[in-house]
Amino acid sequence: MTDRKQEIAANLAAVEERITAACAAAGRPREEVTLIVVTKTYPADDVRILSELGVRHVAENRDQDAAPKAAACSDLPLSWHFVGQLQTNKVRSVVGYADVVQSVDRARLVAALSKEAVRTGRELGCLLQVALDAGEGGRGERGGVSPDGIEELADLVAGSEGLRFDGLMTVAPLTGAYAGRQRAAFEHLMDLSTCVRRTHPAATMVSAGMSADLEQAVAAGATHVRVGTAVLGVRPRLG
Ligand SMILES: *Cc1c(COP(=O)(O)O)cnc(C)c1O
């Protein structure tokens with residue numbers, strides 16, 4: 001094994017242990033939680049190593065980095081999740097490799113994703129990114145729909161050709177009422193998920209929790225955690 005593979009394997013084992021412990025503490029079966037490794041800023045070689053180590057889900061937040069990486073790894077059995085703010089002019093590229101877009105937050109984006117999914121004959125999974133710090137009718141600083149906008153946008157996704165409404169995603173807010181209160185933020189997301197599943201029972205994905213707060217997310221009921229730093233190391237640059 002190369003040094004890098006050994007390093008990633010050790011980190012993965014530590015994260016696996018954390019998820020297992022968090023599931024046990026919450027009385028949840030380990031299989032309820034899926035690990036998504038966030039590979040942003042790291043090279044395709046690392047993605048290849050992750051695949052060799054059994055990772056099946058990876059996530060990226062910038063199309064410029066993600067598109068060539070996904071192309072270089074197209075032979076690997078991976079699901080690609082897009083988790084960044086998405087401009088409509090990048091939709092064509094993103095739909096080319098993404099299996100799930102977790103950052104759907106406005107009607108115009110839904111229309112563009114649907115059009116491209118239909119054009120390429122694909123079915124694209126969509127999560128609504130919820131901005132828990134956004135005011136009514138507003139959007140989050142880092143994207144996301146405010147809680148009061150979920151229902152309308154969920155109906156729109158579910159009714160759009162080529163799209164599948166899979167659930168909700170959030171990033172714990174750094175400001176506002178939930179700043180520093182990850183557990184409360186993730187519990188609020190769970191309540192919103194319960195609510196939206198009344199009309200969309202198949203939308204069971206709840207994507208929450210990162211390197212620093214995956215335990216709180218698992219405790220609240222998250223089905224997917226998105227972990228970058230704890231697996232691949234502190235990123236060399238912002239991303
Ligand atoms: C970078 C990123 C993550 C992973 O963050 P870490 O702290 O490195 O685990 C998760 N979700 C989103 C949306 C991200 O942009």
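Count residues from 1 along the sequence. Hydrogens, waters and symmetry mates are skipped; everything else that's a heavy atom, side chains included, is used. Bear in mind the structure is a predicted one, so any value in this text is a computation, not a measurement. Each ligand, and each atom within it, is numbered from 1 in the order the structure gives.
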With sequence neighbours left out, the residues meeting side chain to side chain donor-acceptor pair (under 3.5 Å) with Arg18 are Glu215
* For ligand 1, find out whether one of its N or O atoms is nearer than 3.5 Å to an N or O atom of Val171. => no
Quick note on ligand 1: atoms under 4.0 Å from a heavy atom of Thr229 include exactly 6 (P), 7 (O), 8 (O), 9 (O)
Taking only non-hydrogen atoms of Val227 and a 4.0 Å limit, the atoms of ligand 1 in range are 9 (O)
Neighbour count >12 (heavy atoms, 6.0 Å) for atom CG, Asp3: no
Within the 4.0 Å heavy-atom cut-off, what Val38 brings close to ligand 1 is side chain
### Message
With heavy-atom distances below 4.5 Å as the criterion, would you say the side chains of Val104 and Gln129 are in contact?
### Response
no
Margin query: Treating Asn11 as the side-chain partner and Val231 as the backbone partner, does any N or O pair qualify as donor plus acceptor under 3.5 Å?
Written below: yes
Checking heavy-atom distances from atom 14 (C) of ligand 1 to each of Arg226, Lys40, Met210, the winner is Lys40
Contacts satisfying ring-ring contact (aromatic ring centres under 6.0 Å, His included) that involve residues 63-103 (not counting sequence neighbours) are His57-His81
- Mind checking whether Arg235 has a heavy atom under 4.0 Å from ligand 1? yes
